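As the structure is a computational prediction, the values presented were derived from the model and not from experiment. To find a chain, count down the sequence lines: A is the first, B the second, and so on, and within it residues start at 1.
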Amino acid sequence: MNKYLIYTVLIVLGTLIVYIILNDALKDSINKEKTYSYGLEDFKKVDPSLIKYKEVKRIRAALSKPKALAYFNGYLGIAYDNQLQVIDTTGQEYINRAIRDTITSISFAPDGRIFLGCGNQVFVYDMENDKLDKWKMIGPASYITSIVFKENTIFIADVDGPRVHRFNNNGEKLNSFDGKGRIERDVGFVIPSPYFDLAIGPDDQLWVANTGLQSIENYEDNGELRSYWGEPSYKLDGFVGCCNPAQFAILSDGSFVTCEKGIVRIKVYHPSGQLESVVAPPNDFNLTSEPADLAVDENDGIYALDVSRKIIRKFERITDG
Amino acid sequence: MKNKKDNPDEKAIKRREFIKSSTRSGLLLGLGGLGGLLATNSQAENYVWQIDSFECTNCGRCAEDCVETPSAVKCIHAFDLCGYCDLCGGYFKPGTLDLTTGAEAQICPTSAIKRSFVEDPFFEHTIDEDLCIGCAICVEGCAAFGNGSLQIQIKHDLCVDCNQCSIARVCPADAIKRVPASKAYNIKDEFLKNKA
C-alpha cells in the first residue's frame, strides 16, 4: 500500500515539475506577441502597380563595408572606408587600392578622373590608378559628402556649415553658399545626419538635397535659390524622417531618383516633383539599413549600392509588352 | 666516539625548531594570502546589467519583464546624435498630419516625451523618466526615421541588480549583458565619441 502511495506522490510531483518547466518555457518564448509596437510594417507596403522597375543585375562588392558609388562610361567606382575599387558593369576589377584617409564620397569627372572626398580633403586619381592631385583642405571640420561637375566648375557638399562650395578645375575656391533664400522657412541647408547629396540635371542645373527640410533645391552658381520641391510626409509621395532624401540622382529626362534613409525605398519623381513610380520598395532592403547610394548610366539604368547586403543592384524600367 | 644521531636532546630541539618555523611560515603565508585576498576584493570591479544599444531590437519586453514596476529600463536621449527634427519619428504617430504636441499625435503610450521648440526648424525632445516605461516604441521610430538618438538603457539608480536579470533572460537578441560598473551605460554617442 505504501508503495502505491509513494508512486502516486512521485507521479504528481513529476507532473507538477513538467508543468512548471513548460509554463516557464512558454512564458519565455521569444515569439510572444509584442505588446508595444510601432507598426513599421505599414510603411513597407507599396501598391505593386507603382513599381515600374525590375532588378536586372547584382554585383558583389569586394569588401565588407561599401560606402559610396559612382558610374562613368561603363565603370563603377566603389568607395569603402579606406579602399577604392573600380569595376566594370560585369564585375571585372580594374582598380583596387588602399587609401590612407577615410573616404566620404566618390565621383567621376566628365573626363574620367576619380574624385574622392576624404573628410575635409579632395584627392584626384586617374583610371590608370595614379594619384594626380591633392587639394588644399577645405576647412578643419569639413566633411565632404558629394562632388559634382558642371562645365568648368566643381561643386562640393560640405556638412560643416552646412555649405556648398564651388571650385574651379585647379582646386581654387570660387564661392560657397548656405542655401538661404526660401520664402518660407528660410533657414538654409539643414543637415541632421551626414547625407548631403548633389546632382547636376540634364540642363546643367545644380540640385541639392536639403534633407532636414525634406526637399530638393535648385541653385544658381552664385548660390541663389531658383526652385525647390518635396515635403515631409509619411505617405509614399513624400520624404519621411529627419533627413531625406539621403541620396538622389537625375535621369536623362530630368526625373529624380531618390533613396531614403531609415526605411530604405527608391522612388522616381517627375522633374516637377510629383511621384512617378517606385524602383524598389522597402521590402527589397533590410529594415533600417543604410540608404543606398545611387548612380545612373547613359540608358537611365539605376545602380543602387545596397550597403547591408554588400551588393550593387541594377534596376531597369519595365518596358510595356 | 659519539654520533650526533645518538643524542636524543639534539634531535628533540630540531623537531621543536621545525614545528616552530613551520608554524611561523604558515602564519606568514596565511596573513599574506588574507591580505592579498582583501586587496584583490577591494580592487575588483563590480558588474551591472546593461543593454547593448547596438544589439537591441526594440522588442518592448523591457517594459514588461523587469521585476520593477515600472521597469528600471528607461529611454535616454543621446543629444549629440539627435537631428532635433521637426518631424520626429520617435515622437509622432505615423501618418500624423499636424506636427503638434497633442496627445493623439504622440506615439509614446505614456506621453513621456516632451517636445520643445528651439529655433526653426529645430525641436528638442526630452524624456520624462518618471513616465517612461521603457517600451522602446520611440526608439524604434527614431531608428527607422531618424538618427537613432533615442535608446533604452537600464537605469542603475532604479535597477535592483538581480542575480539573474529577468529581462536579460527573455531578451530575444541577447542584448543585455553584465558590464563593468565603471562603464555602466552603453550609449551610441559614447561609441561615436570614442571612435572620434
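Ring geometry, A:Tyr269 versus A:Phe239: the interplanar angle falls from 30° to 60°, so the pair is classed tilted. Under the 30°/60° scheme for interplanar angles, the aromatic rings of A:Phe248 and A:Phe256 are found to be tilted.
For the residue pair B:Asn147 and B:Ser149, no side-chain donor N or O sits within less than 3.5 Å of a side-chain acceptor on the partner. One side chain, A:Ser146 or A:Asp197, offers a donor N or O that lies under 3.5 Å from an acceptor on the other. For the residue pair B:Tyr91 and B:Gln106, a side-chain donor N or O sits within less than 3.5 Å of a side-chain acceptor on the partner. Side-chain atoms of A:Glu217 and A:Asn210 form a donor-acceptor pair, as typed in the model, at a separation below 3.5 Å. In the model, B:Gln151 has no side-chain atom that pairs as donor or acceptor with a side-chain atom of B:Tyr185 under 3.5 Å.
B:Leu99 does not touch chain A: none of its heavy atoms, backbone or side chain, sits under 4.5 Å away. Using a 4.5 Å cut-off between heavy atoms, B:Cys88 touches chain A through its backbone atoms (N, CA, C, O) alone. Within the 4.5 angstrom heavy-atom criterion, atoms from both the backbone and the side chain of B:Pro121 approach chain A. Proximity to chain A (any heavy atom under 4.5 Å) is shown, for B:Tyr84, by neither the backbone nor the side chain. With a 4.5 Å cut-off on non-hydrogen atoms, A:Leu213 touches chain B through its side chain but not through its backbone. For B:Ile137, the parts lying near chain A are the backbone and the side chain together; criterion is any non-hydrogen pair under 4.5 Å.
Contact tally against chain A (heavy-atom pairs below 4.5 Å) for B:Cys138, B:Pro94, B:Gly90: the top residue is B:Pro94. Between chain A and the options B:Cys135, B:Cys142, B:Gly148, the largest number of non-hydrogen pairs under 4.5 Å is found for B:Cys135.
Applying the side chain to side chain contact (heavy atoms under 4.5 Å, CB included) test between B:Cys132 and each of B:Thr110, B:Ile76, B:Val73, B:Ile127 identifies B:Ile127 as the sole match.
Scanning residues 137-145 of chain A against chain B with a 4.5 Å non-hydrogen threshold yields no residues.
Of the charged side-chain nitrogens involved, at least one lies within less than 4.0 Å of a carboxylate oxygen, so that A:Lys67 and A:Asp81 count as a salt-bridged pair.
Atom CD1 of B:Ile113 and atom CD of B:Glu124 lie 12.5 Å apart (nearest 0.5 Å).
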